[in-house]
Amino acid sequence: MRQSRLFAQTYREAPTEADTTSHRLLLRAGFIRQLAAGVYAYLPLGRRVLRKLESIVREEMDRAGAQELLMPAMQPAKLWQESGRYAAYGPELMRLNDRHDREFALGPTHEEVVTALAREEIYSYRKLPAIVYQIQTKFRDERRPRFGLMRGREFLMKDAYSFDADSEGLEQSYRTMYDAYGRIFQRVGLNVRPVEADPGTIGGEGGTHEFMALADIGEDTIVSCSHCGYAANLEKAEAGTLTDVTRGNGLAPELEKIHTPNVRTIDELAAFLQVPASALLKTMLYDADGTIVAILLRGDHEVNETKLQAHLQAAQLTLADEAAVIRATGAPVGFAGPVGLNVSLLVDRTIAAGEEWIAGANERDYHVRGVKPGRDFSVEATGDFRNVGEEERCARCEEGAYLFRKGIELGHVFKLGTKYSEPLGAAYLDKEGRKRPLMMGCYGIGVSRMMAAAVEQHHDEAGIVWPSAIAPFCVHIVPISIKDEVQRTLAENLYERFLAAGIDALIDDRDERAGVKFKDSDLIGVPVRLVVGKQAASGEVEMKLRNLPDSMTLTAEDAFKIVCDKMRNRESTDEFL
Ligand code: 9G3
């Protein structure tokens with residue numbers, strides 16, 4: 001491609017709305033342009049990266065035996081009514097009516113559509129297992145789109161769906177997809193960790209993993225053990241039973257009411273009683289689908305609402321409002337406690353393991369000390385309801401310590417079971433001729449999000465440093481002076497030969513100063529730059545690798561050979577030297 005004709009401008013500064021490195025660089029370098037909040041156009045440079053990402057995903061899906069199809073973005077609302085999800089999703093689901101006033105949704109995902117297709121196409125166990133996938137535009141009307149392609153309202157996703165006869169088959173399909181994901185991220189050149197995750201409302205037979213690109217800007221927190229390799233999204237990371245803090249001092253064997261006038265928060269109570277927050281029992285009231293429940297946590301712990309919602313299988317979970325707290329406890333917010341509280345109690349395992357606690361007395365301006373789990377309140381529903389803390393001991397191996405890192409969710413794989421095949425009637429006849437619901441899995445990768453993650457993981461102060469496998473071009477030919485006949489001829493000759501050899505080449509044939517050309521070249525981030533300057537007279541060029549500081553002079557012939565040889569094998573430029 002000729003830079004003099006490139007359908008893009010580069011900018012020295014990013015617009016103010018750019019809120020992260022990848023967003024700023026992709027805008028400045030002319031890869032994407034925003035049309036509306038969370039809605040982007042891919043200019044030629046961006047489209048070339050997207051196409052390379054797609055082809056790596058496609059190759060690995062095909063290698064895994066998945067069959068590519070393409071489903072519509074316009075989905076009949078009827079299917080979402082059959083699955084019961086039409087009402088479950090609110091403004092995030094983009095809806096529209098056609099000219100006959102029939103209702104449609106713009107697809108945020110395709111479980112309903114693909115299950116309706118399977119209902120028609122799969123009828124015998126002989127057709128199983130089947131995995132189908134598409135690379136297609138999704139629509140989700142995010143309340144706060146941000147970070148450029150990271151959280152858009154229209155984005156490119158690869159979504160795959162597996163169909164099996166039974167759970168064993170599903171396990172196998174899941175493993176096949178899981179392994180294919182590892183190959184995809186490795187080939188793209190992304191540092192990605194699989195972590196155990198929470199299935200959320202998509203539901204399914206338990207067991208789901210997220211593939212997280214490590215990056216400070218990541219919206220997810222990954223918890224990993226320094227010793228046993230356990231890794232999970234913080235939403236799900238297992239919290240151990242902590243008995244590290246001695247429980248009280250045994251001086252209050254019996255329940256003892258204490259007057260705590262207007263002392264409501266944990267910090268106020270800890271200060272008032274001169275005890276650490278870890279000696280306090282925090283009682284939080286939640287409204288789970290209309291039922292009030294109380295969650296009991298140690299004062300210095302944080303509730304994990306994802307764990308709570310998963311345990312309760314609640315569709316809606318919100319903190320109870322002041323009126324509900326007064327109705328349930330007989331006291332205003334800040335004095336709730338488990339003793340004599342007649343709502344179901346969810347007891348965090350660290351509380352159940354404690355001997356005596358200080359808690360609210362369910363009476364304005366009073367708390368109680370000497371509260372004993374099991375004696376003063378039921379510990380029936382004891383579980384893991386809190387966020388783990390950094391440096392905490394791993395709950396799995398009890399040896400290592402938890403390490404927290406930020407991650408960008410690039411992939412998410414789920415075991416769905418019969419959650420969609422049952423309500424939509426997608427079944428098959430087994431060997432004995434019995435009708436059985438298809439066992440499903442679903443597997444997503446954010447293809448456009450991968451582009452942003454690649455920039456977050458691969459950039460420096462001068463611009464983007466594309467991994468070779470997804471760079472918009474393999475080589476950037478930069479003649480210093482396009483007016484100099486010798487330089488121009490040698491540069492054009494190299495350009496033509498690369499094109500003829502099937503190597504993506506970008507040539508900066510603009511009549512610009514060298515400084516501008518080098519700044520733009522560093523910004524766009526093509527892995528190999530061949531500078532055609534004064535040494536052109538002796539048939540030599542300067543090779544500069546984008547990810548290394550120094551450059552070397554060699555004959556145009558050698559440069560041509562090296563680039564063709566390395567780039568054809570898609571080797572990263574690290575092996576160049
Ligand atoms: C909706 C809306 C947003 C959504 C969903 C449905 C996320 C929804 C979860 C999934 C699960 C998997 C197949 C590919 C991998 C992910 N956001 N999810 O179901 F109506 Cl508005 O999409 N689907």
Side-chain angles (χ1 to χ4, degrees), residues 38 57 61 64 66 68-96 103-118 131-145 150-163 170 173-174 177-178 180-181 184 194-195 197-212 219-220 233 235 306 309-310 315-316 408-417 419-421 423-424 440-450:
V57 168
M61 284 294 112
E68 183 168 9
L69 45 74
L70 181 59
M71 292 181 267
M74 272 181 68
Q75 303 185 8
K78 194 169 62 64
L79 286 177
W80 285 71
Q81 285 148 356
E82 280 182 51
S83 72
R85 291 212 289 177
Y86 203 58
Y89 280 91
E92 193 187 352
L93 179 62
M94 300 203 79
R95 304 160 202 253
L96 75 162
E103 282 192 64
F104 285 80
L106 288 183
T109 181
H110 282 69
E111 278 80 10
E112 284 78 1
V113 173
V114 82
T115 306
L117 292 173
I131 304 181
V132 293
Y133 77 96
Q134 64 173 352
I135 299 178
Q136 194 249 17
T137 300
K138 294 287 186 289
F139 299 85
R140 294 179 183 179
D141 199 355
E142 298 278 351
R143 192 170 44 80
R144 273 187 61 236
M150 208 88 80
R151 182 168 292 282
R153 293 194 289 168
E154 174 177 333
F155 56 93
L156 198 61
M157 184 199 277
K158 183 285 301 174
D159 44 327
Y161 303 86
S162 63
F163 301 92
L170 170 54
S173 294
Y174 188 90
M177 284 288 106
Y178 183 101
Y181 275 42
I184 287 169
V195 299
D198 175 74
T201 52
I202 188 82
E205 315 276 299
T208 165
H209 287 81
E210 285 167 341
F211 289 78
M212 296 289 192
E219 294 179 327
D220 287 281
N233 189 313
E235 289 174 350
T306 306
Q309 188 157 2
Q316 302 290 341
I408 302 166
E409 178 193 331
L410 291 185
H412 201 159
V413 291
F414 298 77
K415 294 171 193 156
L416 291 174
K419 178 169 164 54
Y420 293 88
S421 52
L424 274 77
M440 291 176 62
C442 65
Y443 316 87
I445 289 184
V447 180
S448 44
R449 183 179 274 184
M450 263 205 275

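Every value quoted in this text rests on a predicted model; they were computed, and no experiment measured them. Just follow the structure's listing: the first ligand is 1, and inside any ligand the first atom is 1.
Annotation: Arg140 places an N or O atom under 3.5 Å from an N or O atom of ligand 1; distance criterion only.
Residue contacts with ligand 1 for Thr109 involve side-chain atoms from C-beta outward but no N, CA, C or O (heavy atoms, distance under 4.0 Å).
Checked for salt-bridge contact, Glu142 and Arg151 meet the test: a charged N lies under 4.0 Å from a carboxylate O.
Atom 13 (C) of ligand 1 has its nearest heavy-atom neighbour, among Arg85, Glu111, Glu92, in Glu111.
With sequence neighbours left out, Asn233 forms a side-chain hydrogen bond (donor to acceptor under 3.5 Å, both in side chains) with Glu210, Asp220. Qualifying side-chain hydrogen bond (donor to acceptor under 3.5 Å, both in side chains) partners for Gln81, counting only residues two or more places apart in sequence or in other chains: none.
Cation-pi geometry between Lys415 and Tyr174 is met: under 6.0 angstrom from the ring centre, within 45 degrees of the axis.
Under a 4.0 Å criterion applied to the non-hydrogen atoms of Leu93, ligand 1 contributes the atoms 20 (F), 21 (Cl). Listed by number with element, the atoms of ligand 1 under 4.0 Å from a non-hydrogen atom of Gly444 are 14 (C), 15 (C). Each of the atoms 14 (C) of ligand 1 lies under 4.0 Å from some heavy atom of Asp159.
Counting only heavy atoms from C-beta outward, the side chains of Tyr86 and Glu112 never approach each other to under 4.5 Å.
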